[in-house]
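Here is how names work: the chains are called A, B, and so on, in the same order as the sequence lines, proteins then strands, and each is numbered from 1.
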Amino acid sequence: MNLIGFENYLWLGSALFCIGLLGVLVRRNVIILLMCIELMLNASNLLLVVFAKMFGNMNGHIFVFFSMLVAAAEVSVGLALIVLIYRKFRTIDSSFLDKLKG
Amino acid sequence: MHLILILPLVVAIIAFFMPHKLVKEFSLAFSGAFFLLSLYVLFQYNPLNYYNFTYYNEIFLAGTGGSLHLGLDSIGVLMFVLTNFVVFYVNILARNKSYTSSFYGCVFLMQFALIGVFSSLNAILFYFFWELALLPIYYIVYQWGSGKDLTKAFVRFFVYTFVGSLFILTAFILFAVETKTTSFEITEMAKNSLAGPTQILFTLFLIIGFGVKIPIFPLHSWQGNTYRKAPAEGTILLSGIMLKMGLFGLIRWLVPFQEESLPIIQKIILALAIFGTIYGAAIALRRNDMKLIAAFSSLSHVGLIAAGIFSYKYIGFQGAALQMLVHGINIVGIFYIIDIIERSSGTRYLSELGGIASKAPVFSTLAFIIILGSIAVPLTNGFPGEFLLLMSVFMYQPILGAIAGITIILGAAYMLRVFQRAFMGEVSEHVSEFQPVSNGDLYALGFIVVLVFLLGIYPQYVLDLTANGSQYLTNLLELKNN
Amino acid sequence: MILAKILILSPIIGFLINLIGGKKLGKVSGIIGTAAVFISFICALLMYRKVLSTGAYDVPLFTWMHISTIHIGFNLWVDELSTWMMLIITGIGTLIHLYSIGYMSHDKGIGRFFAYLNLFIFSMLMLVLGGNFIMLFIGWEGVGLCSYLLIGFWFKNVEYGHAARKAFIMNRIGDLGLLLGIFLCIQTFGTINFNEINSIAAEDLALKASGQLGLFQPYIYTAITLCLFIGAMGKSAQIPLYTWLPDAMAGPTPVSALIHAATMVTAGIYLVVRNAALFELAPFTLDFILVIGMATSILGALIGLFQNDIKKVLAYSTVSQLGLMFVALGVGAYTSAMFHLTTHAFFKALLFLGAGSLIHAMSGEQNILSMGGLKNKIKLTHLTFAIGTLAIIGAPFMSGFFSKDEILEKLYNHSPIIWGFALASAAITIIYMVRVYTLTFSGKFRGTKEQEDHLHESPSSMTLPLIILAILSVFGGVLNLPHIIGGGSSQKMAIWLSKINSLKSIPAHVNHLSHSMEIMLMLIATALVVVLGSLSYFKYKKQTLAELNEPRQGFSLWGEHKFYVDELYHNVFVKPLESLGDFFFYYLEHYFIQPITFGSYRILYSAGKLLRIVQNGNIEYYLVYIAIGAVLVLSLSMFVF
Amino acid sequence: MLTILILFLTGLCTMFASFLPNKQLPKYLGVSGVIIALVTLHLRLGLGLDFPTFFTMFPLTRIVSVVALFLLLVIFLVHRKYEEDYDWSAVYSLMLFSTCGVILLFGQRNLLTLFLGIEIMSIPLYVLAASKRNQAVSLEAGLKYFILGSFASAFLLFGIALVYGSTSSFVLDEIMSVQENYDGQLPAYFHIGYIFIIVSILFKMAVAPFHFWSPDVYDGSPTVVTGFMATIVKLGSSIAMYFLLAGFFKSQFENYSKFLLPITAFSFLLGAILGLVQNNIKRMLAYSSISHIAFVLVAIILSVAMNDQGVFIFYLMTYSIASLLVFLILDYLEQGNSIFLDHLNGLSKRQPILALALAIGILSMAGIPFTGGFIAKYRVLVGIYQLNIWIFTIGLLSSAIAIGYYLKILNRIFFYENSQENVAIKNNLLVGVVSILALVIITLGIFPELILQVIHSFFVA
């Protein structure tokens, strides 16, 4: 059934993860940051599913549910924060948020 | 015995929360009672068995190898009496000054910590009390200290004392780990010995740790302006007892663990100590501020004691024990005199003083006798101790002995210079309105003068007391060396 | 036993009474002081009789210090030598106490003065009676302390204070030498008791005499004796450590008489005689003493020649006489040194007291240039002063003559060159003593008007001791007459002293001088006295005030300034020490130790500031740092380990 | 498991309590909830809610959760009344939820519980950090914490995925057994996975290379939240790290000890040196907690090397109690949103007891004898001496440097003239609780075994 070998999924997953990582490091807009983090999370979900399929047991899949749950909670909290920040600072560019330093 | 230890703590706590008015009498009465108690302990002490009054309890500090194990050996008893004597005098001196109750609380806390230092037979416990003793003195010196930039002196004093005590901690850890002993009891520690290199490290760390307190030459620079900035009571506590902590530490924790007596280290430290005596005396010769002179003079006296200890001779230990007691008494007397002069004439600088003898003859005769005591003129208490120390250093190395001898000449020079400038000569304008010295002060000085003569004429009592203490040390050294 | 205790205790009691009751007692304290010393004198006499009959005995008081092997006890050792010294100390002490009642009557600190004098007598007795080195050392430093107190008695004047301090420190340097000697004794002999040391030395002497190897190598003896001699030099004002004696004249005159003429300065000689056996075993030290003594005696005499202050002249003459005594010791003539010491005590005390009453009469004027022609004004002082001068220059049949001649004889016996030097120093002594005598007593009065009418003879309490001392100076010689004159009862003192155990083990020096030789020596000495005495008498008699006051150049200028020795010491020792002190304090404290403490504090602080910039509050940077951190950790764990 | 349930329920109730008029209700609810949880712990009620492969009550978990609940109780009782519009009911509930996550971490047997615990612990914290809505600083702190936190949890998830991939299971015992017998043939990405997990937990503990968030977040968020973070959250993440190092990846000891020790050395020095230059006390304490956490990490490595947990637990306990005490008192001295050194001037003259308690707390952090801090540091130092002499010296050196800035605080309290107006603190409950905490620290210093034995007999045996 597995037309393409497991390694390739593995590479796909880690490639996705690296793209997300780079996205986080490069972009300054907070929302884009959030999206990249979501990308990283989904990359690991993919890997989980692939391994679950590989081992044939259901642990992986259950774990993916939990991780999606957590990701959702995180994003909602994050966006609420970003709205607050926007109302206060009128900008969501992370380079402006550097009052706390030293 | 543990009663004697706990009492100062209880009194300290009470003193902290006493209203300011009656705290002065309260603490004077209690310190007097402690002094008498200590005399009772002294007379009741029989020198034959090595550790008297031991008290053991293991839940204290369990798990860290430490335990509450207290015991007074021969030299410990002397220091115990000296502590109470000095604290008693601090209260006497403080009665004509207005201090808040936390000052008296700190003084009694100091007493508690010092008694702990002198009586603890467990390395960790010793380190506990050692560190505890630093806090109140740091508080007293800087809360009531005069002088402009306290922070500069504070950094120096604290960096020295605390970093020093860290060295002691490392030494003990090093000892415990290398010799695989779990408990830090001195009896067990004395049994096993260290291998070559760690032995050198152990000795070096302990020397640095104690050297800061003693102070041996290179580690002494905190002493100068801390004495100058501290209030009179602070300096008395510092010079009277804190210096002896370092010395006592040497005798109690360093000497018994000396492996094949490392000639190199012993020689270096001995040379440093003696250079310290010359160094202190030379500086004291030219200074104008009496407190600074007293500070450097005690640096030179204490350096000689340290040299005596490091010559690892039976006479050396005896002399050191006696001289520690004697120096404690004399230095308290000297700072008491400086305080009286400062209070009555408003200045402690020699250039502004002169002719006190004509203004207060009785006070100046008492002062002269105490100065004689500190120059070590025979028949005063300074002589027997200095004699034994010089002899032991001489026996170890004749040339070093001769150099150490120079200090008695320099000592006479700077002490008499102080007496000359302050007491003799024309009455300076500062001294013209020299209030008469109160009887209380005169009796206090009188008591010190009695001690000066008593120990001068009959030092044998102290020597018998410390006889088997130093014998124990010398046998340990011989046993370990050959 | 009790006698010895009373002897020691009475001065102490006198000291305590005077110290406490000083102010209130006034003149009465003088009487108490003199009485205390007089009681000791009587006890000394009784003890002399006891020693005469039963010989030396020991009086143990209590053990002072007992450490492992060394036992140091407070015990008094009474033998011929110590009785002899006791008699001198207490005898002359009583006379001087009597004298100073009158002298110090107008001074309000009289109580304190007598207290210090009694303390001095006590410590001098301790020194002399001490049974071991520590007792001696206690007396030694006690005497130094009292001389400090007495020199600086009029403490209002700052110079006197400096002189007192200088004296104390110079003595202390000597004491250090003595202390090192004591340590050496303990190290080698294991004991510091005089008798035990002397017996060991005697044994060693016997071995050496019979040719075998001694118990200890010779260099140990030389080391011990050298250290002891350094102590003696400090106390008896020999070459390197003598500058304090002339300055010590700042104290009242009775003090100079008692301490700086009769008793304290003799302590050095007593020390050498007490351990004569040790010194015998160290020939090098004996020669060293000889050289030092000779140099001091000549130097002292030379400087004395050019001094104008009467007390300074007498002080330098003491220095030179002491030099002479040490020369005698160097040659091994211990008893003749002691004999000269005794006679010197008599006539030097007489001269000082005479000078004191002179100054008293001249209301404090000490410069001989502004005196003169006092012959008929203060007759009694003039008479006694004349006797004193005759004694010191060695006029025939005076005590000085016999003692100096005996030393000269022993020197000639040893080697003529030393005899020559000693004769030269004796000659100079003759010149300057006669100069002092003539300038003060003969010629015209050069003082101011009110000094002239203030001139009066001193009260009886002052003149009585003068008379007694004059008698002693004249008949002192009888104690130790040479064979030629004394015949049967000659050399009484020599026999008396040779009984002490340090001297009895020394082989007597062979005396290969024939009788004629001795007589010839005596004749030369007397001739010298007559010729030089009259020469200088007439020279100074007619010198007018103008000649005296003209400035001096060359050698005499040098002499007047004491050959700049004081300044030399000041620049060579005192100044560098003080600059060392300053150097230590300013440079070492600030530039060496400071950076360690503050340096470390500053380095850490700047490191902190640097690191702080990294924490710049910007999220991207944080993310980048974390990513780099993660990669670093990953690579570290995968590849490195 | 029951305690978590109870905490969760109380959290819900406090959230709904905000609709009721009585302002004090959330406080009472919170406090009673925590007390009930403590009682259940004491009675060891299981109620059958036991999931061996997910969560079990080790003796360690019991002790640590007692400590955590005790700390939470103290925070609820004694925190300062902030300005009016500060929504306390929300804060209580969020704190309770976060504590559920923490306790979940205490008893984790499974990677899933680890992941869930970390997430449940940190998400409420993001909001707590930003709880002072009108202050920009607090918002910024919240956002920073959120972004970096979620970034780290992404790492965590990726790591877990890889570990699952190589060991085909999430359960602790199976992963350990796989490592033991297949040690050689484990696929390469196992190693990457295990490193990623460790890195993300290191981030949560704010150890040196990953500490950048903690100073800003500590400084920005309100002091009560900082107190909560510094104590209970640090406790949770340290226990998580303990389970990772001693549990999941025990057989990798040689590997991780080699790179973890340099990290601890780096964070010792960093915490000490940067602490010196601060004058904002919250930032200073953030740096000091970095060096303390390095000590904890060393203690964990030690406990794995010598498999004796005592040193580790003791250090955690003393550290958390001391920092709670300090933060509670600072909470009352706060002006605006941060406390500078001069706010402390002459505190001993204004409130002597508070000053004394603060001093004891600071001394315990500095490691002066007669306080718990010293014993903790001493035992770690003795242990580490055998393991690696360099870490020992650096640790000693950094505690010496740290004494420098702890003394700056003490110096300000006692010796500087009183420059602040005397704000009267009438809350004698605070004074009572604070002195109890100070006493606990002193007894920890003098009778170290006593407290642990009491908890052990009362809750665990």
Side-chain angles (χ1 to χ4, degrees), chain C residues 65-68 576-641, chain D residues 140-141 143-148 151-152 155 158-159 188-189 191-196 198-200 202-203 207-217 219-220 252 254-260 262-263 266 269-278 283 286-287 397-398 400-402 404-405:
Chain C
M65 213 194 284
H66 172 67
I67 331 140
S68 65
L577 198 63
E578 278 166 2
S579 54
L580 187 73
D582 290 345
F583 163 73
F584 278 154
F585 185 69
Y586 291 114
Y587 295 103
L588 217 56
E589 289 281 308
H590 290 295
Y591 298 110
F592 164 63
I593 292 162
Q594 195 89 343
I596 298 172
T597 48
F598 281 97
S600 47
Y601 188 76
R602 262 192 295 279
I603 296 164
L604 286 175
Y605 209 82
S606 45
K609 283 255 182 312
L610 199 67
L611 281 170
R612 204 169 166 178
I613 301 153
V614 168
Q615 179 88 12
N616 61 7
N618 198 318
I619 303 173
E620 289 110 29
Y621 284 90
Y622 291 166
L623 287 169
V624 166
Y625 295 146
I626 290 175
I628 295 166
V631 162
L632 198 73
V633 165
L634 193 66
S635 54
L636 257 173
S637 72
M638 288 281 275
F639 307 111
V640 171
F641 303 119
Chain D
E140 186 190 327
L143 186 74
K144 272 189 188 164
Y145 195 15
F146 166 70
I147 293 171
L148 295 165
F151 183 67
F155 271 82
F158 190 72
Y189 52 76
H191 203 82
I192 301 169
Y194 122 79
I195 291 294
F196 269 42
I198 288 187
V199 159
S200 79
L202 279 180
F203 167 80
V207 180
F210 315 99
H211 69 288
F212 293 96
W213 61 274
S214 64
D216 297 359
V217 171
D219 181 16
Q252 308 290 344
E254 292 71 30
N255 187 303
Y256 65 68
S257 70
K258 286 217 175 44
F259 70 81
L260 271 184
I263 287 181
F266 182 47
L269 284 176
L270 195 108
I273 292 172
L274 272 169
L276 266 176
V277 292
Q278 305 295 340
R283 290 192 93 81
Y287 284 115
L397 200 70
S398 67
I401 300 167
Y405 60 79

- Message: Please classify the contact between V199(D) and chain C as side chain, backbone, both or neither, with a heavy-atom cut-off of under 4.5 Å.
- Response: side chain

- Just wondering, more than 12 heavy atoms not from Y189(D) lying within 6.0 Å of its OH? yes

Output the distance between atom [atom1] ([X]) and atom [atom2] ([Y]), rounded to the nearest 0.5 Å.
{"X": "D216(D)", "Y": "Y622(C)", "atom1": "CG", "atom2": "OH", "answer": "3.5 Å"}
{"X": "F151(D)", "Y": "L623(C)", "atom1": "CZ", "atom2": "CG", "answer": "5.5 Å"}
{"X": "F259(D)", "Y": "L634(C)", "atom1": "CZ", "atom2": "CG", "answer": "9.0 Å"}
{"X": "I619(C)", "Y": "I147(D)", "atom1": "CD1", "atom2": "CD1", "answer": "4.0 Å"}

- Message: Tell me the closest heavy-atom pair linking L276(D) and Y605(C), and the distance in Å.
- Response: O-CE1, 3.9 Å

- Task: Indicate the atoms forming the closest heavy-atom contact of A630(C) with F155(D), along with that distance.
- Result: CB-CE2, 4.0 Å

- Message: Under the rule for side chain to side chain contact (heavy atoms under 4.5 Å, CB included), what residues qualify as partners of L611(C), not counting sequence neighbours?
- Response: L270(D), I273(D), L274(D)

- Message: So which residue, L632(C), L604(C), L610(C), ends up with the most heavy-atom pairs under 4.5 Å with chain D?
- Response: L604(C)

- Pairwise side-chain contact, I198(D) with V633(C), heavy-atom cut-off 4.5 Å (strictly under): no

